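In what follows, a structure is listed as structure tokens, so that the remarks can point back to it.
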Amino acid sequence: MKKLLLLFLVLFISNCAFASDKVHVKALNEFDSINPCEEFNVEVIEEAQVDDLQLIKGDIINCVLKKVTDPKRAKQDAKIFLHVIGYQDKIGTHKFLSPLKAKYAKTVINKEEIKKIPPKKIAKKAISTASGFIVKGGSYAVSFVDGFAQNQEDNRFKSGAKQVYDDSFLSLVKYGSEVNINVGDEFYLIITKDKE
């Protein structure tokens with residue numbers, strides 16, 4: 001029974017791992033989640049494989065708007081969902097083998113994005129977590145000191161208090177922001193098969 005369960009788990013994880021393609025792209029036209037346009041085109045920045053087809057740098061992916069969701073509490077930004085119609089390369093315009101959908105993502109977790117995280121931010125998070133285990137509320141002290149040191153409000157105590165608020169669970173009351181994409185902005189399209 002354990003072997004069967006383990007086999008099922010391995011198959012499930014392998015299917016989830018290859019269920020979506022993350023394509024690094026840049027916008028060729030503007031897009032705003034408040035007043036979205038129906039058609040949206042992006043240029044591939046890094047080579048990627050989509051629907052068993054290899055896309056190279058410079059290829060253009062053509063999309064049509066599927067839906068936009070509003071920002072929600074807990075700092076959840078608006079979400080953009082697109083139908084992927086086809087792509088253009090040096091030869092011409094082509095359709096994908098199966099219907100595809102895409103979701104906008106500002107960043108994805110990969111080696112390149114992890115390298116872009118400043119070491120200071122990682123150290124602050126590690127110290128904050130460790131101090132939370134040692135002393136109850138210790139992570140708030142670390143946040144206050146960080147805000148105090150950065151002094152973004154031109155008042156060290158106000159900056160420290162604001163940083164404590166931003167790092168606390170209380171800040172989750174805030175709504176996320178709308179998505180505003182300008183020409184040339186870089187982001188990711190998470191592309192999956194459209195089962196609708």
Side-chain angles (χ1 to χ4, degrees), residues 1-117 172 175-196:
M1 182 66 182
K2 287 182 182 179
K3 289 181 182 179
L4 183 62
L5 183 61
L6 184 62
L7 178 63
F8 176 73
L9 184 63
V10 168
L11 290 174
F12 178 73
I13 291 172
S14 65
N15 281 340
C16 290
F18 299 106
S20 66
D21 300 305
K22 296 166 186 74
V23 184
H24 194 188
V25 296
K26 76 175 175 184
L28 294 178
N29 47 347
E30 293 184 358
F31 190 92
D32 187 3
S33 61
I34 295 172
N35 188 16
C37 54
E38 287 298 315
E39 294 183 3
F40 188 59
N41 299 320
V42 295
E43 181 181 333
V44 176
I45 295 175
E46 296 175 14
E47 287 188 10
Q49 189 165 348
V50 176
D51 198 29
D52 297 328
L53 293 170
Q54 187 71 25
L55 295 178
I56 59 172
K57 183 177 179 180
D59 287 351
I60 296 170
I61 299 175
N62 304 316
C63 304
V64 174
L65 181 66
K66 182 176 182 179
K67 73 175 179 175
V68 175
T69 62
D70 293 330
K72 296 179 181 155
R73 290 198 186 269
K75 298 182 180 178
Q76 293 184 25
D77 294 339
K79 292 183 174 62
I80 301 169
F81 299 94
L82 305 161
H83 287 292
V84 179
I85 303 301
Y87 68 99
Q88 298 172 15
D89 59 11
K90 293 178 183 176
I91 300 171
T93 304
H94 312 282
K95 298 268 185 195
F96 287 102
L97 302 174
S98 56
L100 301 172
K101 62 182 177 180
K103 179 182 172 186
Y104 165 85
K106 198 168 192 175
T107 59
V108 294
I109 298 175
N110 60 21
K111 289 180 184 177
E112 289 75 29
E113 292 300 320
I114 291 172
K115 288 177 185 175
K116 290 179 186 176
I117 298 172
L172 297 179
Y175 279 90
S177 59
E178 297 288 347
V179 176
N180 188 8
I181 303 171
N182 296 313
V183 175
D185 285 356
E186 294 183 13
F187 55 93
Y188 290 85
L189 284 181
I190 300 171
I191 301 176
T192 57
K193 290 191 177 182
D194 194 355
K195 295 182 173 120
E196 293 180 6

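Given the structure is predicted, the values throughout are model-derived calculations rather than measurements.
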Once you round to the nearest 0.5 Å, how far does OG1 of Thr93 lie from CD of Gln88?
-> 4.0 Å
Near Lys79 NZ, under 6.0 Å, is it more than 12 heavy atoms from other residues, nucleotides or ligands?
-> yes
Taking only residues two or more places apart in sequence, or in another chain, which ones meet Asp70 in a side-chain hydrogen bond (donor to acceptor under 3.5 Å, both in side chains)?
-> none
Take the angle between the ring planes of His24 and Tyr188 and call it parallel below 30°, perpendicular above 60°, tilted in between.
-> parallel
From His94 NE2 over to Asn62 CG, what is the distance, rounded to the nearest 0.5 angstrom?
-> 11.0 Å
Phe81 ring centre to Lys66 NZ or CZ under 6.0 Å, with the angle to the axis within 45°?
-> no
Residue from Val84, Ile85, Ile80 passing side-chain contact (heavy atoms from CB on, under 4.5 Å) with Leu82 | Ile80
Over all heavy atoms of both residues, which pair between Val23 and Ile61 is shortest? Give the atoms and the distance, please.
-> CG1-CD1, 4.2 Å
If you round to the nearest 0.5 Å, how far is CD of Glu186 from CD of Glu43?
-> 10.0 Å
Carefully, step by step, assess Leu53 and Val50 under the rule side-chain contact (heavy atoms from CB on, under 4.5 Å).
-> CA-CA 5 Å; Leu53 293 170; Val50 176; 5.7 Å; no
For residues Asp59 and Gln54, report the shortest heavy-atom separation together with the two atoms involved.
-> OD2-O, 4.5 Å
Heavy-atom closest pair (Leu65 atom, His83 atom, distance to 0.1 Å) is O-CD2, 4.4 Å
Parallel under 30°, tilted from 30 to 60°, perpendicular over 60°: which one fits the rings of Phe187 and Phe40?
-> parallel
Any side-chain heavy atom of Val183 sitting closer than 4.5 Å to one from Glu30?
-> yes
Nearest-0.5 Å distance that lies between atom CG in Asp51 and atom OG1 in Thr192 | 11.0 Å
Minimal non-hydrogen separation, Lys193 against Leu100, with atom names | CA-CD2, 3.9 Å
Kindly determine whether Val44 and Lys57 satisfy side-chain contact (heavy atoms from CB on, under 4.5 Å), including the steps that lead there.
-> CA-CA 5 Å; Val44 176; Lys57 183 177 179 180; 5.5 Å; no
What's the shortest heavy-atom distance between Gly184 and Lys26, and which atoms?
-> O-CB, 4.0 Å
Here the gap from Asn35 atom CG to Glu178 atom CD, rounded to the nearest 0.5 Å, amounts to 11.0 Å
OG of Ser98 to NZ of Lys195, rounded to nearest 0.5 Å, is 10.5 Å
Test Pro36 against every option in Ile181, Val68, Val179 by the side-chain contact (heavy atoms from CB on, under 4.5 Å) rule and name the one that passes.
-> Val68
At their closest point, which heavy atom of Ala102 faces which heavy atom of Leu189, and how far apart are they?
-> CB-CD2, 4.2 Å
